[in-house]
Each structure stands twice: as C-alpha cells, then as structure tokens.
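First up is the structure itself, then whatever we jot down about it.
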Amino acid sequence: MLRPPLAALFVPLVAVSLACGHSSAKKPKHTSLASFPTASAPAPAPAARPAAKQPAPVVQPPAVEVVAAPEPVTAPEPVAAHEPVAAHEPVAASEPAVAPEPATESEPVAASEPEPEPESEPVAQVVPAPESPALEESPALDEAPSYGLAGGWGGVREYLGQHGFTIDFSITYELNRVLSGGLRQQTTSHGLYDLSASFDLDRIAGWKDAQISIEAYVVGGHNPSRDVGDFQSFSDFSADELAQIAQVYYEQWYSERTCRLKIGKIDANADFGAPGNGTESIHSASAFSPSTFALVTYPNPAAGIVAGWVPNEQWSLQFGMYDGAGLAGINTGSVGPATFFRDPPGYLFLGELGRRWQLGDKALAGGATLGAWRHTGQFDNVFGSQTHNTSGFYGTLDQEFSRAEAGQSGGTQSGFLQLGMADEDVAPVDEHIGLGFHWAGCCSARPDDALGVYYSRVHFSDAAGFTASAETAYEFSYTWQCCNGVALRPDLQYITHPGGDANIDDALVFSLRCELGF
C-alpha cells in the first residue's frame with residue numbers, strides 16, 4: 001500500500017507540473033532525456049543555458065532592423081559621410097563645389113543631418129547585433145578545448161565529427177574515508193573507466209535523424225558502501241569489479257523530430273526518473289528514487305525499447321519496456337538480449353510525462369516529470385507468499401531560482417525535488433523524498449566551480465525486516481574545475497541508520513573525486 005503522508009505531497013507536484021506554463025546508479029550525465037526528452041537537446045542543464053541566451057538575440061536584432069529600415073534611404077551616405085562629417089564639418093564649406101545640389105533647397109532637410117545623431121544610436125545598437133552571433137559562435141570556437149585532456153588529436157576528432165563519428169573517454173577516480181560510524185573506518189579507492197562512441201547515420205549514410213551509440217565501462221577497486229553499510233549507496237558508481245559493454249542501441253527520430261524510437265541494450269535511467277539538476281551530487285539517490293528498485297540501470301543495463309513523443313518544447317511523453325531478469329539474479333549487464341524474449345523473469349514497463357517552462361524576465365528554466373512503473377516478475381511479499389507484479393510511481397521537479405547576467409557575479413542557483421512511492425507489501429523502500437540545491441558560479445573568481453547540497457530519506461517497508469524505519473543522507477559537495485577536462489570534487493556525507501540497521505552507528509564519510517575527460 002502507498003503511505004498517505006507522502007502521497008499528499010504528490011498533489012501539489014501534479015498541480016505544478018500541469019498548471020505552470022510558459023522536465024546504486026551511475027549518474028546519467030551524458031543525457032538530458034532523463035529530465036525532459038526533447039528532439040534538440042541531448043542534455044537538461046545545457047538546455048537551460050541556451051534558453052537563457054535566446055532572449056538577448058531575439059530582442060536586439062529586431063530593434064536594430066526596425067531602426068535600420070528607415071535609414072537605408074540616407075544611411076549609406078550619412079554613415080559614410082557622417083563619420084567623416086565629424087572630422088569634416090568645416091568642409092561643409094566645400095559643399096559649394098556641389099553647389100548644384102543646394103539648388104534643391106529641400107536638401108536642408110537632408111542637411112538636417114542632425115538625423116545622423118539618432119543614427120549614432122543605431123550605430124551603438126548595431127554593435128550588439130554582431131555580438132549576439134559572436135556569442136552563438138563562441139561554442140564552435142571553443143570546440144577544440146572542450147574535447148578535454150586529449151585535445152582534438154591534431155584535427156582528427158573534428159574531422160571525424162564532421163563525418164558522423166564521435167568518441168569520448170573519461171576516468172572517474174574516487175578516494176573514500178569513513179571518518180566515523182558505519183561498519184569499518186578505513187580509506188579505500190575505486191575507479192570508473194568509461195568509453196562511449198556514437199555514429200550519426202545521417203552524415204555517414206544519409207539516414208536522416210538516426211544514430212547508433214555504444215558505451216563500455218570498467219569498474220575497479222573497492223566498493224565503499226561495504227564499509228558504510230548504507231542502503232542508498234552514497235557513491236553513484238560504487239559497484240563490485242566488472243567490465244562490460246553496457247549499452248548498444250539504435251535511435252531514430254520521425255515526423256520532424258517529434259517522435260522517437262530507441263531499441264537495444266539500454267540504461268533506463270538515461271530516459272526515466274532522473275531530475276535535471278541532480279548531476280552535481282555524487283549520492284546515488286539523486287539519479288533516481290530508490291523506491292523504483294526495479295529500474296534497469298547501472299551496473300546492469302538490459303535489452304529494451306523506448307518510444308517517445310515530443311509535440312513541442314513544453315511537453316513530452318514516453319514509454320519503455322525492458323528485460324526485467326535482473327531482479328531474478330541474472331546479470332543483464334554482461335549478457336545479450338536472450339532473456340528479453342523469455343517471460344519468466346518478467347518485464348519492466350515505464351511511462352513518464354514531462355513538462356517544461358520558463359519563468360520571469362530571465363526565462364528561468366523549470367520542469368517536472370510524473371512517472372509510473374510496473375514489473376511483471378514474481379516477488380516475495382510480507383505475507384510469506386509470492387506476488388505477481390509490483391508497481392510504483394515517482395515525480396521530479398526542477399527549477400532555476402536565479403541567474404546572473406553575463407559579466408556579473410552571482411552565478412546560477414537551482415534546485416530539485418524527488419518523490420517516490422512503491423508497494424509496501426513487496427518493495428524494501430515504500431517512500432522516498434529527495435531535495436537538492438546547486439549553485440554554479442558560487443565564487444565570482446571561479447565561475448566554473450559549483451556548490452551542491454543534497455538530502456535524501458528513504459522509509460523502509462514496515463514488514464521488510466529492517467530494525468530502523470528510515471535511512472537519511474545529508475551531503476555537501478564542492479566542484480573545483482581545475483582546467484578543461486579536470487575537476488576535483490570533495491564531498492562530505494552524514495548517513496543516519498545505515499542500511500536500516502539500528503545497531504550500526506551513524507556514518508560520516510569523506511570522498512574526494514577526480515574526474516578526467518579526454
């Protein structure tokens with residue numbers, strides 16, 4: 001059964017998501033479809049910033065063109081002549097040489113070339129117009145550095161990109177220390193090596209709006225949650241050692257990029273359940289609600305199909321069907337699609353409705369998702385028997401609170417809310433609430449740095465056998481962008497009743513994460 005107190009919180013979330021108008025787990029940082037699947041935006045935080053830049057270009061060019069429209073009559077001469085006139089006005093006497101023109105005395109009206117002074121305003125306004133394209137072109141100019149530590153391979157990566165081939169490699173290394181509490185106080189480390197490639201079939205073979213993506217990763221080192229004993233997993237890529245091809249899928253857009261089909265071996269968290277502003281936290285629950293315990297995600301993606309509809313920039317609707325054999329103990333991350341065609345392990349079905357908006361003069365980006373899931377497998381229930389099928393639902397809410405203008409200090413402040421619920425007769429966690437705050441550019445001297453705060457509380461099902469009713473995590477993190485392709489992230493977390501065990505002391509854990517992009 002779904003518990004009433006948290007259920008009440010979904011009412012305002014539903015109202016906000018539909019009424020506002022103007023979306024252990026490795027964080028799905030490589031995609032924004034998790035928060036709001038749009039045809040044009042493969043990532044949610046990036047989608048907000050382009051939106052922030054649009055108002056300036058949209059407002060200024062029309063203003064320039066309106067002034068420029070009347071001026072073409074005289075603008076060619078005055079602009080050329082006016083600037084000389086500033087240096088030349090005594091040469092107005094030289095106009096006798098053009099005395100025939102004064103014969104048409106009406107040209108004093110032209111001589112009332114004080115009008116050029118209004119023209120000086122256009123001249124001042126014309127400057128922003130060229131600047132706005134410059135702002136849009138700057139990402140292209142920065143493309144080479146954005147590759148990271150490996151650079152552009154002497155132009156090879158740019159060449160490959162122009163022909164539809166993209167390759168990315170990253171290393172995430174983490175040092176963890178349990179300072180107090182937990183199961184063991186010791187220092188350990190682990191790392192994630194992630195290689196991904198995409199093939200734009202439009203550029204390669206003229207197959208419009210289609211691509212193939214591949215991702216492989218290796219996890220090595222010690223799983224730090226084994227020292228803390230926590231249920232939620234305080235590090236989003238903590239897992240036992242493994243090496244596998246994690247994702248291989250084909251993606252196709254139809255109908256002017258309003259309809260989408262994705263099929264293959266897929267991480268469902270890339271498309272479902274992830275808040276858009278949650279990527280600055282390293283805690284696993286910030287990627288998706290732990291109440292969605294059946295989610296097919298890292299470290300065990302599985303075969304699946306996703307179909308989506310994005311009728312406009314505000315709304316999205318998508319559905320997914322995945323191999324649910326992972327809950328039957330099958331390591332779907334290391335096998336092919338064979339278990340997808342066998343029903344006994346069951347299937348996971350997901351549906352998600354997304355809504356995006358912009359608020360105020362600064363077009364502060366916001367979004368919400370409402371999702372539901374159902375797994376068709378067999379589960380032990382609290383009555384000592386087995387249950388066919390179990391289900392739950394979740395919601396996310398993201399909102400920018402403020403955004404400094406270009407050249408000003410203050411950065412961008414944003415937050416997110418997560419809610420999740422599941423059947424308490426089957427699920428280990430029947431309720432979850434998460435709250436996060438992110439402040440990018442918190443230090444004016446370091447505009448690329450960011451501060452993050454996160455709170456996550458899971459309530460354990462009453463009959464699930466836990467001796468504590470809930471586990472709560474408090475997280476404080478700082479992201480130091482050392483240089484292009486290198487970031488250091490110190491992180492401190494306090495976890496109460498780790499693993500729902502009242503006999504384990506509350507844990508204080510420090511982590512230092514180093515992220516290298518190549």
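Values below: all heavy atoms of this structure, side chains included; hydrogens, waters and symmetry mates excluded.
- In terms of modelled atom types and a separation under 3.5 Å, the side chain of Thr332 and the main chain of Asn300 share a donor-acceptor contact.
- Two residues are said to be in side-chain contact when any heavy atoms from C-beta on lie closer than 4.5 Å; Asn381 and Gln378 fail this criterion.
- Judged by distance alone, the side chains of Arg177 and Thr187 do bring a donor and an acceptor atom under 3.5 Å apart.
- Salt bridge Glu431/Arg457: absent, no basic N to carboxylate O contact under 4.0 Å.
- A donor atom on one side chain and an acceptor atom on the other are found under 3.5 Å apart for Ser334 and Gln244.
- No donor-acceptor pair closer than 3.5 Å links the side chain of Glu475 to the backbone N or O of Ser281.
- Test Ile495, Leu508, Leu183 against Val228 for side-chain contact (heavy atoms from CB on, under 4.5 Å) and you get one pass: Ile495.
- Looking at heavy atoms from C-beta onward, Val429 lies in side-chain contact with Phe231 at the 4.5 angstrom threshold.
- Ser225 and Asp230 share a side-chain donor-acceptor pair at under 3.5 Å.
- Of the charged side-chain nitrogens involved, at least one lies within less than 4.0 Å of a carboxylate oxygen, so that Arg260 and Glu251 count as a salt-bridged pair.
- Side-chain rings of Tyr193 and Phe169 stay apart, their centers remaining 6.0 Å or farther from each other.
- When the shell of 6.0 Å around CH2 of Trp153 is examined, it contains more than 12 heavy atoms from other residues, nucleotides or ligands.
- The environment of CD1 in Ile245 is sparse: at most 12 heavy-atom neighbours from other residues, nucleotides or ligands sit within 6.0 Å.
- Under the 3.5 Å distance criterion, the side-chain polar atoms of Trp373 are left unmatched by any main-chain donor or acceptor of Thr390.
- Checked by atom type, the side-chain pair Thr496/Asp506 shows no donor-acceptor distance below 3.5 Å.
- For the ring-ring contact (aromatic ring centres under 6.0 Å, His included) test with Tyr298, the passing option among Tyr217, Phe288, Phe237 is Tyr217; the others fail.
- Side chain to side chain, Asn223 and His190 fail the donor-acceptor criterion of an N or O pair below 3.5 Å.
- Side-chain contact check for Gln247 and Ser213: no donor-acceptor pair (N or O, by modelled atom type) lies under 3.5 Å.
- Between Phe416 and Tyr454, the distance from one ring center to the other falls under 6.0 angstrom.
- A donor atom on one side chain and an acceptor atom on the other are found under 3.5 Å apart for Gln399 and Trp357.
- A donor-acceptor pair under 3.5 Å is absent between the side-chain atoms of Asp236 and the main chain of Ala287, judged by distance alone.
- The pair Arg374-Asp423 fails the salt-bridge criterion, with no side-chain N (NZ, NE, NH1 or NH2) lying under 4.0 Å from an Asp/Glu carboxylate O.
- Using a 3.5 Å distance cut-off with no hydrogens or angles, the side chains of Ser189 and Tyr173 do pair a donor with an acceptor.
- Counting only distance, with no hydrogens or angles, the side chain of Arg489 and the backbone of Glu174 share no donor-acceptor pair below 3.5 Å.
- Listed for the Asp227 side chain is no donor-acceptor partner under 3.5 Å among the backbone atoms of Arg184.
- Applying the salt bridge (charged side-chain N to carboxylate O under 4.0 Å, His left out) rule to Asp240 yields the partners Arg226; only residues at least two apart in sequence or on another chain are considered.
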